[in-house]
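So the structure is just underneath, and the comments pick up after that.
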Amino acid sequence: MSEHITSVETIDVRFPTSRHRDGSDAMNPFPDYSAAYVILRTSAGAEGHGLVFTVGRGTEIQIRALRSLAPMLEGQPVDALVADPGALARRLVGDSQIRWLGPEKGVVHMAAGGLVNAVWDLAARRADKPLWKLLADLTPEQLVAQVDFRYLRDALTEDEALALLRAAVDGRADRERRLLAEGFPAYTTTPGWLGYDDDKLARLCTEAVAAGFRLIKLKVGGDLADDVRRLGIARRAVGPDVRIAVDANQVWGVPEAIRWMRELAPFDPYWIEEPTSPDDILGHAAVRSAVAPTKVATGEHGHNAVMFKQLLQAGAVDVVQIDACRVAGVNENLAILLLAAKFGVPVCPHAGGVGLCELVQHLAMFDFVALTGSTTDRAIEYVDHLHEHFADPVRIRDGRYLAPRSPGMSAEILAPSLADYRFPDGPRWTVATTGAALT
């Protein structure tokens, strides 16, 4: 019998980041960075790893969604899965009964993405390539075949996508050499969590600039006077030439976002991220018009490619922020990258959390090598948390991501970490805890 998927293992793994306010913002004051983790196992002993990022309670719901979709993979021939992950993505997203719970959004859509990403990880491992390289080596025709254009053709057709990819074929090899030699620009949110005190904010801002970052991001939206004070501290620490972005994490309505950002304008914010509900296309457009030249960035909570299509069609966004775990995996993110390229809007991926840096770097690097060929005004978010738990952690040098060289999507969490932080029975959770708890 040919190699096939023998099991889909799911693990609820949570890290108590709330104890030190790591990840804290106006909407999420005490997050515990967590993952609904999945391991595909094959009859030949191979594995594919994927995850869905969460922030604590609710991870168990995400696990149940993964388990509901898992039978669509069990017993499937590996050769067919890795040859065409797009076919699997369409099956997972299109299951009529599960789809009813979305459709194409929320917990079930994220579960589909976790499984699709695990298949891409398996495919890259079998090809002995990092995922960015596997994608960049595909032909334009192969890449376009991985995208579902059903709801996108009014903004991007297959022929237009092919033209974008074919135009980038010349120069791929040179860009790959540049990527391997120089890496990809990063920006950091490490200094900016809302729960950090002023001294820690100033120290981390200074350290970020010394480490080579030319863009840092601060969380805002808790209290206006606090935000004015904190941006003043950050601007004095980094000087006038380092960009400072701010992120409201959806806490404002449209009028409040406009009013608040006008108060922060003297500190020259580069962008305002998620100024209002992530579903409010016209609201983002109104904010963008009112706060220019400050840019508007959003996308980490965009349900699907249709949301990105509308943001771009409405002129509502200056910076597209893809997320490796929010939409239905690599295939839908390919669609979003193509849409952004068609509209000429730069992509600065959302990262941080558990594994988001590890996963999304592959998509940005593919975009540079095989689609846009540009790093201008593009950077991948970097947060210095939890990388030590990964078999192939991100590597940062002089404010840039170094390209992964190991096969796969860099999603594998080390077995001891899975055992220690498994919820609720791992030793890190069965001992007494302090601070905000998950239970």
Please step through side-chain contact (heavy atoms from CB on, under 4.5 Å) for the pair Val320 and Leu312, ending with a clear verdict. CA-CA 9 Å; Val320 166; Leu312 293 163; 4.0 Å; yes
With side chains defined as the heavy atoms from C-beta onward, is the minimum distance between Glu300 and Arg326 less than 4.5 Å? no
Residues passing the side chain to side chain donor-acceptor pair (under 3.5 Å) test with Thr190, sequence neighbours excluded, are Thr188
Got a sec: does the CZ of Arg91 have more than 12 other heavy atoms crowding it under 6.0 Å? yes
Please lay out, stage by stage, how Arg428 and Arg422 fare under the test side-chain contact (heavy atoms from CB on, under 4.5 Å). CA-CA 8 Å; Arg428 300 284 183 163; Arg422 179 194 289 266; over 6 Å; no
Side-chain contact, heavy-atom cut-off 4.5 Å: Leu359 with Trp120? no
Student check: side-chain heavy atoms of Met307 and Pro278 closer than 4.5 Å: no
Lys/Arg N to Asp/Glu carboxylate O, Asp79 vs Arg126, below 4.0 Å: yes
Less than 4.5 Å apart, side chain to side chain, heavy atoms only: is that true for Pro349 and Ile322? yes
His284 vs Thr276, side-chain contact (heavy atoms from CB on, under 4.5 Å): CA-CA, chis, key distance, verdict: CA-CA 7 Å; His284 276 84; Thr276 191; 3.8 Å; yes
If we only count heavy atoms from C-beta on, is the Pro185 to Arg400 side-chain gap below 4.5 Å? yes
Can you check side-chain contact (heavy atoms from CB on, under 4.5 Å) on Val369 and Arg178, steps first, answer last? CA-CA 9 Å; Val369 172; Arg178 285 175 54 197; over 6 Å; no
Could you walk me through whether His303 and Glu104 pass the side chain to side chain donor-acceptor pair (under 3.5 Å) test, one step at a time? CA-CA 7 Å; His303 294 308; Glu104 298 185 32; over 6 Å; no
CZ-CD distance between Phe149 and Glu160, expressed to the nearest 0.5 angstrom: 9.5 Å
For Ala403, does its backbone N or O pair with a side-chain atom of Arg395 as donor and acceptor, under 3.5 Å? yes
Taking all non-hydrogen atoms of both residues, which atom of Pro140 and which atom of Leu165 are closest, and how far apart? CB-CB, 3.7 Å
Side-chain touch Lys129/Asp137, heavy atoms, less than 4.5 angstrom: yes
Does Lys309 reach the side chain of Phe343, with side-chain heavy atoms less than 4.5 Å apart? no
Pairing residues for Glu273 by the salt bridge (Lys or Arg N to Asp or Glu O under 4.0 Å) criterion, not counting sequence neighbours: Lys217
Tell me the closest heavy-atom pair linking Pro269 and Thr294, and the distance in Å. O-OG1, 3.3 Å
Atom CG in Leu143, atom CG in Leu338: separation rounded to 0.5 Å? 8.0 Å
Quick check on Glu388: does its CD atom have over 12 non-hydrogen neighbours (other residues, nucleotides or ligands) under 6.0 Å away? yes
Output yes when a side-chain donor or acceptor of Tyr382 lies under 3.5 Å from a complementary backbone atom of Ile396, and no otherwise. no
When you measure from the side chain of Asp323 to the backbone of Gly299, do you find a donor-acceptor pair of N or O atoms at a distance under 3.5 Å? no
ring-ring contact (aromatic ring centres under 6.0 Å, His included) assessment of Tyr33 paired with Phe15: CA-CA 5 Å; Tyr33 281 171; Phe15 299 89; 8.9 Å; no
Show, in sequence, the C-alpha distance, side-chain angles and deciding distance for Asp121 and His49, and conclude whether the side chain to side chain donor-acceptor pair (under 3.5 Å) test is met. CA-CA 6 Å; Asp121 181 68; His49 296 254; 5.2 Å; no
Under 3.5 Å donor-acceptor, Asn249 side chain and Glu274 backbone: no
Do Leu356 and Cys325 make a side-chain contact, defined as non-hydrogen atoms from C-beta onward lying under 4.5 Å apart? yes
So which heavy atom on Val144 is nearest to which on Ala161, and how close? CG2-CB, 3.9 Å
Determine whether a donor-acceptor pair (N or O, by modelled atom type, separation under 3.5 Å) exists between the side chain of Gln361 and the backbone of Glu358. yes
Applying side-chain contact (heavy atoms from CB on, under 4.5 Å), can you list everything that pairs with Ser7, at least two apart in sequence or on another chain? Arg41
Examine distances only and state if a side-chain atom of Ser374 and a backbone atom of Thr372 form a donor-acceptor pair shorter than 3.5 Å. no
Without swapping roles, check the side chain of Asn331 against the backbone of Gln146 for a donor-acceptor pair under 3.5 Å. yes
Side-chain (Tyr401) to main-chain (Glu381) donor-acceptor, under 3.5 angstrom: yes
Rounded at 0.5 Å granularity, tell me how far NE2 in His4 sits from CG in Leu73. 12.5 Å
When rounded to the nearest 0.5 Å, the distance separating NZ of Lys342 from OG1 of Thr157 is 7.0 Å
Quick one: does Asp318's side chain have a donor or acceptor within less than 3.5 Å of a partner on Val296's backbone? yes
Okay, side chain of Arg175, backbone of Ala168: is any donor-acceptor separation there less than 3.5 Å? yes
Distance in Å, Leu131 CG paired with Ser406 OG, rounded so as to fall on 0.5 Å steps: 13.0 Å
Distance check, rounded to the nearest 0.5 Å: Thr6 atom OG1 versus Gln76 atom CD? 12.5 Å
Basic-acidic side-chain contact under 4.0 Å: Glu207, Lys200: no
